[in-house]
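Bear in mind that the values here come from a model prediction, so they are computed numbers and not experimental data.
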Amino acid sequence: MSVATDTGVTARVHPSPNHGERARDAQIDMLILHYTGMQDADRALRRLCDPRSEVSAHYFVYEDGNILQCVPEARRAWHAGKGNWQGQSDINSRSIGVEVVNPGHEWGYRDFPDVQIEAVANLCVDICRRHDIEPRMVLAHSDVAPARKEDPGEKFPWAHLARRQVGHYVEPAPITSGLFMQLGENGQPVEAIQSMLALYGYDVAITGSFDEATQAAVTAFQRHFRPAKVDGVVDQSTVETLHKLLSALPAL
């Protein structure tokens, strides 16, 4: 007898033992996208299903578009690790995790095939609809853990998902010269960019000092929202793109 998946898109169950109870009263309000970051899909899937690894995800999307469900959505998959978004630290209890097969930066990062991204988009549309996940809560692993993670990286086509009303997206501002802030600088302009990043959701202390945590958050922001240049340096394009995103948020 086959086991039904939670999603309405075509998928099959491939169970992982790596999951637990969600925190009491936790509501699913986030969708976190990852890349597998391993040499091939088989190794990645084995790791996600190995009890010794203590990692897992709800869904696994192959490069040919086939989808596996490894953890029931009602359960807390172990995909995000230590992270923070909008002041909340138990990301796993609040989220659905989707692993997208790609070797990642360590093993030959490459473009995501169109058929794979279409499958990801269909899956995300279904998840967001069923859980009423807001666009700004569809995030990269690097958004919630910028000091540790790079995935799904600057090649991930967020604009494609946005055309399906998945995720928060604005056209990045053109890269020009001017307004550079970087590691080691201090002052009110640094405080201003920290405030904007924190308002959007990033875990950034507003100190006026451009420290490593700020640099990591800027880098994560660029990977997601201004991927043409990912260097952790705040330029005019970074500021303008962040301002456009904040301005596009619905009124609270």
Worksheet item: Are any of the side-chain nitrogens in Arg130 or Asp6 under 4.0 Å away from the carboxylate oxygens of its partner?
Response: no
Fill in: Which atom of Ala57 lies closest to which atom of Leu48, heavy atoms considered
N-CD2, 4.2 Å
Fill in: Ser209 versus Asn186, side-chain donor and acceptor atoms under 3.5 Å
yes
Worksheet item: Which of these passes side chain to side chain contact (heavy atoms under 4.5 Å, CB included) with Ile127: Thr7, Val166, Val98?
Response: Val98
Fill in: Heavy atoms of other groups near Asp114 CG, more than 12 under 6.0 Å
no
Worksheet item: Going from NE2 on His79 to NE2 on His141, what distance comes out if it is rounded to the nearest 0.5 angstrom?
Response: 8.0 Å
Worksheet item: What is the ring orientation for Trp85 with Tyr200, classed by angle as parallel under 30°, tilted 30 to 60°, or perpendicular over 60°?
Response: perpendicular
Discussion item. I'd like to know if Asp50 and Arg47 make a salt bridge, using a cut-off of under 4.0 Å between side-chain N and carboxylate O.
Written reply: no
Worksheet entry | Common cluster, Ile67/Tyr62, ILVMFWY with side-chain heavy-atom separation under 4.5 Å | no
Worksheet item: When clusters are formed by joining ILVMFWY residues with side-chain heavy atoms under 4.5 Å apart, either directly or through shared neighbours, do Ile133 and Leu33 land in the same one?
Response: yes
Item to complete: State whether a side-chain donor-acceptor pair under 3.5 Å links Tyr202 with Asp143.
Response: yes
Response to the item:
Of all heavy-atom pairs linking Gln236 and Thr176, the shortest is CB-OG1, 4.1 Å
Worksheet item: Is Arg164 paired with Glu118 through a side-chain N to carboxylate O contact shorter than 4.0 Å?
Response: yes
